[in-house]
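So the structure is just underneath, and the comments pick up after that.
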Amino acid sequence: MIAPLPRRFFDRNAAEVAPELVGCLLVRRADRALRIARIVETEAYVGEHDLACHAKVGRTARTDPMYGPPGHAYVYFIYGMHHCVNAVCGPGGAPNAVLLRAAAPLDESRRTALGLTERAASPLLHSATGPGNLCRALGIDLGENRADLCDSKSPLWIARGIGAAPVLWTGPRIGVDYAAEWAGAPLRFCDRDDAHVSRPRPPRAKVTPRRGR
DNA sequence: CTTGAGATGCCCT
DNA sequence: GGGCATCTCAAGA
């Protein structure tokens, strides 16, 4: 059993939750199989005053899940062809959410730690780099909107990370240039060293080796 | 490496 | 009708 995070984990401002979700496990149940990926990139959307947050227009049919209880999924359809999935946060019903932007397949040591063979871990259908690709890789669409992320019987849930903790890199959110002073807010969180983070990528951690000599 | 355009549908005004 | 929390490919520097 891969235990879901407790609901109180999500009942906080998204800016607190988003960095802690990097490294956590995203578990998708489709039929009887589980597909498990490690979250490597998130963004925080922090309420009606955040001009990049969908809740800036208030509570509508689309944004309604953000006003519901924390620890549920907010899925939306965008650009005519992509889905994106968020974890609804809080606190206390505040319309905060964390966009899940990228995930990585489990490496061998993490599969072993969970007692999973590669086959049992059901590798991702596609690359999960970028929020649209992440949903495609895990088969997430509006059918998962409002799913309870704190229930292991749910079609989608989130569990604590395992193995080495990620090295976090923080930067401005992607695709929100219209959001005035909120465009540059450092609310994007990445596992600096994971190859599945979307572009623009964090600066390289290791020093580029000199050529020659 | 960077920039730009097109695909494509739904929500909100 | 406008705009969008994206992605891919192609072209240029």
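Letters go in sequence order (proteins before strands), and every chain restarts at 1. The basis for the numbers below is simple: all heavy atoms, side chains too, and nothing from hydrogens, waters or symmetry mates. The shown structure was predicted, so the numbers you read here are calculated from the model rather than taken from an experiment.
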Under 4.0 Å between any heavy atoms, over every strand shown, what does A:Y178 touch: base, sugar-phosphate, or nothing? Just pick one. sugar-phosphate
Mind checking A:G132 for me? I need base, sugar-phosphate or nothing, with any heavy atom below 4.0 Å counting as a touch.
sugar-phosphate
Quiz item: cation-pi between A:R8 and A:F10, 6.0 Å / 45°: no
| request: For A:F77, answer base if it contacts any base atom (sugar-phosphate contacts may also be present), sugar-phosphate if it contacts only those atoms, and nothing otherwise; contact means non-hydrogen atoms under 4.0 Å. | output: sugar-phosphate
Exercise for the section: Looking at every strand, decide which applies to A:R173 at a 4.0 Å heavy-atom threshold: base, sugar-phosphate, or nothing. Expected result: nothing
> Are the charged groups of A:D50 and A:K56 less than 4.0 angstrom apart, N to O?
Replying inline: no
Taken to the nearest whole Å, NE2/A:H126 to P/C:dC7 is 13 Å
In whole angstroms, the gap separating P of C:dA5 from NZ of A:K56 amounts to 6 Å
Note to self: Any side-chain N or O of A:H54 below 4.0 angstrom from OP1/OP2 of C:dA5?
What the structure shows: yes
Regarding the side chain of A:H82, the nearest nucleotide among C:dC4, C:dC7, B:dT8 is C:dC7
Using a 6.0 Å distance limit plus a 45 degree cone around the ring axis, check whether A:R173 lies over the aromatic ring of A:Y45.
yes
Does OP1 or OP2 of C:dC4 have a side-chain N or O of A:Y76 closer than 4.0 Å?
no
Validation row, ring centre A:H54 to ring centre A:Y76 under 6.0 Å:
yes
Practice prompt. Remember a base hit wins even if backbone is also touched, and classify A:N86 as base, sugar-phosphate or nothing at under 4.0 Å, heavy atoms.
Written response: base
Out of B:dC12, B:dA7, C:dA5, minimum distance to the side chain of A:A61 belongs to B:dC12
| request: Please determine if a side-chain N or O atom of A:R136 lies less than 4.0 Å away from the OP1 or OP2 oxygen of C:dT6. | output: no
Whole-Å distance, A:E41 CD to C:dT6 P, equals 10 Å
